[in-house]
Amino acid sequence: MPAKTVKLLPLVKEINTMAREKVLFICRECGYETYKWMGRCPSCQSWQTFQEERVLKKGPESSFTWRSAGELMPLGEIVPLEDERLRTGIGEFDRVLGGGAVPGSTVLVGGDPGIGKSTLLLQAALRLASGDYRVIYVTGEESLQQVKMRAARLNSSRNPLLVLAETEYSIIEKQILQNTPHLVILDSIQTVLKSELGTVPGSVVQIREVTASLIQLAKSRQITFFIVGHVTKDGAIAGPRMLEHMVDCVLYFEGERYQNFRILRGVKNRFGSTNEIGIFTMETRGLMEVDNPSALFLEQRPIDAAGSVVVPSMEGTRPLLVEIQALVTPSCFGGNPRRVSTGLDYNRVALIIAVLEKRLGLQLYNGDIFVNAVGGVKVLEPATDLGVSLSIASSFLDRLVLPKTMVVGEIGLTGEVRPVNRLEDRLREGLKMGFHRCIAANGNLRKGFKDNIMDITEKLDIVGVSTVAEALNLVLKG
Ligand code: TYD
Ligand code: MG
């Protein structure tokens, strides 16, 4: 009966295609695969990380195999990587990379949508392309015209940069192999797919396989890759955590949505330090480097307001003056008072509050306390402890901090003030910004420290303290 056969055919076809697919559960954190859903990953022990994905049965084995297969090599005979780094010419960017990108490395740039990742990378690409480098900008999110418009906005509509609007990995790879660029920008990893894998772009399998292939391409051809990655709500790059383990550098581009400055922060760098930050402002003609970040962060500092203290903090190799603000108000509703800290380590703030209560007798237990590193910077080093404690005390007692005074020191549980590293650099930055006095730990001022920096001490008075109580008496007016 012909009618039946016709009816049956699509069904059979469907069964065939279904048979070629398999359903896998893949751990977002480490990439572990199982056929059954599990609450906890047996490989990396994280909870609730399995995600269901349909993949083709004969998908290729993971292509993460760029290492030369299993041959021993005496260390002395390994040819080192060329030390010549690829400098983007954007000083702030190069510093975060550790002095430019290493040829053959993959750099992941993550950040919230709209923060300026595409702008930053396009600016870097344009600079390099107008020099001696061949650069390909692959965009899976925008059309060629949109990239052109952005370049025009950045004043570079006539530039030899090569642009490819494509999402299929094999085509991107073909173009890269044909054109042998020095640098490839891929915007973004979540849009690229290998269609033979049969899953949607942005899935764990796609991201893992595409990244693996890119890394292989990078290492074998000495091509540098800058890859854009979107960030999830809780701050991780969307996709497997493995992505971050696979690449050589991970940079985060962050900033307050309603302010125009942006911070580029290194969180992983196989070729440099991760302490560095780069500071930019987003202008109508693209991202501008900030030469004097301390000035930016102190720009709108209130004069004559209790609760405001300036701290010379170190961000990597660079000192940065940051204003710490605190507000202590009576807790109206009884119950647990609120403790909120922004840009500071919450646990250290809690410790400092405890020290202020116990060692200085400040009755903070029934007050709401808000502490803030102004301007959206994060200052996590303990050297800011003394600043935090004085800002809280200043607000609580409603007494002003002496003008043109900065404070630096770590606080211990007995209320002692401990020395910090690189005090000289911090002092120089303070001097540059017109400060007249710095309160620091006595432990920092031993062995003729002051005699060696006469050029600073001429204009900036350094006062040593041993306890928070001493600092408080010195610094608070009235
Ligand atoms: P974009 O680089 O597209 O962000 P991302 O790639 O991280 O999603 O940046 C988008 C924002 O930047 C957008 O709100 C417009 C703004 N912008 C400027 O203010 N000036 C400029 O010159 C450019 C190109 C963008
Ligand atoms: Mg973008």
Side-chain angles (χ1 to χ4, degrees), residues 88-93 96-97 101 106-130 135-159 161-167 169 172 183-193 201-202 206-207 210-211 214 225-239 243-244 247 249-267 277-290 296 375-376:
T88 61
I90 304 175
E92 297 288 299
F93 194 4
V96 178
L97 288 169
T106 16
V107 179
L108 179 64
V109 179
D112 290 327
I115 209 73
K117 302 179 294 295
S118 305
T119 308
L120 176 70
L121 293 182
L122 184 62
Q123 269 178 257
L126 289 168
R127 286 242 188 160
L128 285 166
S130 61
V135 185
I136 301 185
Y137 185 95
V138 183
T139 172
E141 306 200 330
E142 289 163 337
S143 65
L144 292 175
Q145 285 71 24
Q146 281 170 317
V147 175
K148 173 86 178 179
M149 269 164 58
R150 195 194 294 267
R153 199 168 166 184
L154 301 171
N155 262 345
S156 310
S157 54
R158 300 204 159 271
N159 189 292
L161 177 69
L162 299 164
V163 186
L164 173 67
E166 182 56 61
T167 56
Y169 178 77
I172 296 172
L183 172 71
V184 176
I185 315 263
L186 186 67
D187 190 358
S188 66
I189 187 73
Q190 278 96 350
T191 56
V192 178
L193 89 162
Q206 288 289 4
I207 291 184
V210 170
T211 311
L214 289 177
F225 276 91
F226 289 164
I227 303 174
V228 172
H230 292 296
V231 164
T232 57
K233 262 191 264 124
D234 49 8
I237 290 182
L243 174 59
E244 292 178 35
V247 297
C249 298
V250 181
L251 313 180
Y252 272 91
F253 203 37
E254 21 177 80
E256 300 278 314
R257 184 161 284 267
Y258 302 107
Q259 284 175 344
N260 70 343
F261 74 87
R262 304 279 182 268
I263 295 174
L264 186 66
R265 188 183 295 277
V267 286
I277 61 169
I279 303 178
F280 300 88
T281 52
M282 178 65 94
E283 310 288 346
T284 44
R285 294 202 166 276
L287 290 156
M288 301 286 161
E289 298 176 61
V290 175
L296 179 81

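Counting convention: from 1, in listed order, for ligands and their atoms alike.
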Novice: If you count the atoms of ligand 1 from 1 in the order shown, which ones are under 4.0 Å from a heavy atom of Arg285?
Specialist: 22 (O)

Novice: Is it the side chain, the backbone, both or neither of Thr284 that has a heavy atom closer than 4.0 Å to ligand 1?
Specialist: backbone

Novice: Taking 4.0 angstrom as the limit and counting only heavy atoms of Pro113, give me the atoms of ligand 1 inside it, by number and element.
Specialist: 8 (O)

Novice: Suppose we measure from atom 11 (C) of ligand 1 to each protein heavy atom; which comes out shortest, and what is that distance?
Specialist: Gly114 O, 3.6 Å

Novice: For atom 17 (N) of ligand 1, which candidate among Met149, Arg262, Met282 holds the nearest heavy atom?
Specialist: Met282

Novice: Compute the minimum heavy-atom distance from Gly286 to ligand 1 and say whether it is under 4.0 Å.
Specialist: yes

Novice: Under 4.0 Å from ligand 1, counting heavy atoms only, is it the side chain of Arg150, its backbone, both or neither?
Specialist: side chain

Novice: Specify the protein heavy atom at minimum distance from atom 6 (O) of ligand 1: its residue, its atom name, and the distance to 0.1 Å.
Specialist: Ser118 OG, 2.6 Å

Novice: Which residue and non-hydrogen atom of the protein lie closest to atom 25 (C) of ligand 1, and at what distance in Å?
Specialist: Arg153 NH1, 3.7 Å

Novice: For the ring pair Phe226 and Phe93, is the centre-to-centre distance below 6.0 Å?
Specialist: yes

Novice: Pairing donors with acceptors under 3.5 angstrom, does anything connect the side chains of Ser188 and Glu141?
Specialist: yes

Novice: Would you say that Leu251 contacts Val107 through its side chain, given a criterion of any heavy-atom pair below 4.5 Å between the two side chains?
Specialist: yes

Novice: For Ile90 and Phe280, work out which heavy atoms get closest and say how close.
Specialist: CG2-CE2, 3.6 Å

Novice: Give me the nearest non-hydrogen protein atom to atom 20 (N) of ligand 1 as residue plus atom name, then the distance to 0.1 Å.
Specialist: Glu283 O, 2.7 Å

Novice: Between Thr119 and the Mg ion (ligand 2), is there a contact where an N/O/S atom of the residue lies under 2.8 Å from the metal?
Specialist: no

Novice: What is the nearest protein non-hydrogen atom to atom 2 (O) of ligand 1, stated with its residue, atom name and distance?
Specialist: Thr119 OG1, 2.6 Å

Novice: Record the part of Asp112 in heavy-atom contact with ligand 1 below 4.0 Å; permitted values are side chain, backbone, both and neither.
Specialist: backbone

Novice: Nearest protein heavy-atom contact for atom 4 (O) of ligand 1: which residue, which atom, what distance?
Specialist: Gly116 N, 3.1 Å

